[in-house]
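For reference, the structure is listed below as structure tokens.
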Amino acid sequence: MHRMHTPRWGRAALVLLLVGGTVGPVLDGLHTFSGVTWYATPQLLRSVWWCPPLFAGAALSIGLGRLVTEKLLGVPLEDPGALKASLSMISFVAGYALSGFFPASEPAKATILLVWAVLVFVRLDPSRAAALGALGAGLGGWVVEHTLVGQGLFFHRETMLDGIPLWLPPLYFLAALAIGHLARRLA
């Protein structure tokens with residue numbers, strides 16, 4: 001008897017939580033140690049206790065959001081492959097480092113990251129689901145960070161987008177591609 005492949009969303013969710021809660025704060029350290037962001041009351045390594053759960057939730061929402069989007073669009077779940085998943089993750093990490101350490105103005109960083117995100121999208125995943133995921137992550141990330149800034153918990157050095165840097169949405173676009181590929185590989 002042929003058994004149909006069933007998505008492993010539970011496993012994907014668990015791994016996304018673990019990756020987000022560990023890798024996310026390390027990447028966040030690129031921003032806190034470069035001085036582009038800081039927490040109001042840092043505790044350990046310029047971070048706060050709620051950073052790992054925040055990043056775990058972000059990875060979960062971005063990754064499962066991609067899977068739900070594909071299901072709603074009627075797109076069959078396909079593994080993007082190790083190469084595409086790796087390249088999208090490398091692109092995201094490079095974008096994170098650039099946003100923290102590249103010595104350029106806020107508009108220049110935003111332009112570079114937006115062009116980079118579009119190139120990664122076109123080369124690795126030019127699908128409607130990826131585009132919707134990127135837009136959702138860009139908007140959702142801005143809302144979360146705007147809320148944190150508004151509550152006085154977190155700050156950005158560059159603030160041209162109502163307290164948030166112009167480069168932040170393109171960085172979330174890259175996150176959506178990388179985490180979306182990871183979720184698809186896991187499920």
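- Judged by distance alone, the side chain of R46 and the main-chain N or O of G29 form no donor-acceptor pair under 3.5 Å.
- Listed by chain and residue number, V143 satisfy the side-chain contact (heavy atoms from CB on, under 4.5 Å) test with L139 (two or more places apart in sequence, or in another chain).
- Annotation: the span from D79 atom CG to K84 atom NZ amounts to 10.5 Å, rounded to 0.5 Å.
- Other residues, nucleotides and ligands contribute over 12 non-hydrogen atoms within 6.0 Å of the CZ atom of R157.
- Checking side-chain atoms of W142 against main-chain N and O of L161 turns up a donor-acceptor pair under 3.5 Å.
- A heavy-atom distance below 4.5 Å is found between the side chains of L148 and W50.
- When side chains are defined from C-beta on, V48 does not count as touching L153, because their heavy atoms never get closer than 4.5 Å.
- Cluster membership for V19 and L30, using ILVMFWY side-chain heavy atoms within less than 4.5 angstrom, is shared.
- Shown here are the salt bridge (charged side-chain N to carboxylate O under 4.0 Å, His left out) partners of E158, two or more places apart in sequence or in another chain: K109.
- Pairing each heavy atom of I179 with each of A59, the nearest pair is CG2-O, 3.5 Å.
- The number of heavy atoms from other shown groups lying within 6.0 Å of CZ (R123) does not exceed 12.
- Both V122 and F92 sit in one connected hydrophobic cluster of ILVMFWY residues. Membership requires side-chain heavy atoms under 4.5 Å apart, directly or through other members.
- Residue pairs that meet the ring-ring contact (aromatic ring centres under 6.0 Å, His included) test with at least one member in residues 167-187, sequence neighbours left out, are H31-W167.
- Note on residues 13-24: no pairs pass side chain to side chain donor-acceptor pair (under 3.5 Å), not counting sequence neighbours.
- Residues meeting the salt bridge (charged side-chain N to carboxylate O under 4.0 Å, His left out) test with D125, sequence neighbours left out: R66, R184.
- Side chains of Y96 and L174 form no contact here, defined as non-hydrogen atoms less than 4.5 Å apart.
- In plain terms, the two heavy atoms of E70 and L77 that are nearest each other are OE1-CD1, 4.1 Å.
- Taking 4.5 Å as the limit, every side-chain heavy atom of S127 sits out of range of all side-chain heavy atoms of L73.
- By the 4.5 Å heavy-atom criterion applied to side chains, V144 and L54 are counted as neighbours.
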Side chains of residues 35-43: which donor-acceptor pairs under 3.5 Å do they make with residues two or more places apart or in other chains?
{"unit_1": "Y39", "atom_1": "OH", "unit_2": "D28", "atom_2": "OD2", "d": "2.6"}
{"unit_1": "Q43", "atom_1": "OE1", "unit_2": "W49", "atom_2": "N", "d": "2.7"}

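- Between G141 and L168, the shortest heavy-atom contact is O-CD2, 4.3 Å.
- Cluster membership check: F101 shares its hydrophobic cluster with V93, using side-chain heavy-atom separations under 4.5 Å among Ile, Leu, Val, Met, Phe, Trp and Tyr.
- Note: L67 CG to I62 CD1 = 12.5 Å, rounded to the nearest 0.5 Å.
- Between W9 and A187, the shortest heavy-atom distance links the atoms CD1-CB, 3.9 Å.
- Nearest heavy atoms, A130 versus L177: CB-CD2, 3.8 Å.
- Linking ILVMFWY residues whenever their side-chain heavy atoms come closer than 4.5 Å, directly or via other members, leaves F55 and L18 in distinct clusters.
- For the pair D162 and H146, the tightest heavy-atom approach, listed with the atom from each and the gap, is OD2-NE2, 2.8 Å.
- With rounding to the nearest 0.5 Å, the separation of OG in S99 from NE2 in H156 is 10.0 Å.
- Applying side-chain contact (heavy atoms from CB on, under 4.5 Å) to P170 and the options T111, L113, I112 leaves one that passes, L113.
- Here the CG atom belonging to L166 is positioned 4.5 Å from the CD atom belonging to E106, to the nearest 0.5 angstrom.
- Clustering ILVMFWY residues whenever any of their side-chain heavy atoms sit less than 4.5 angstrom apart, transitively, puts L135 in a cluster other than the one holding L119.
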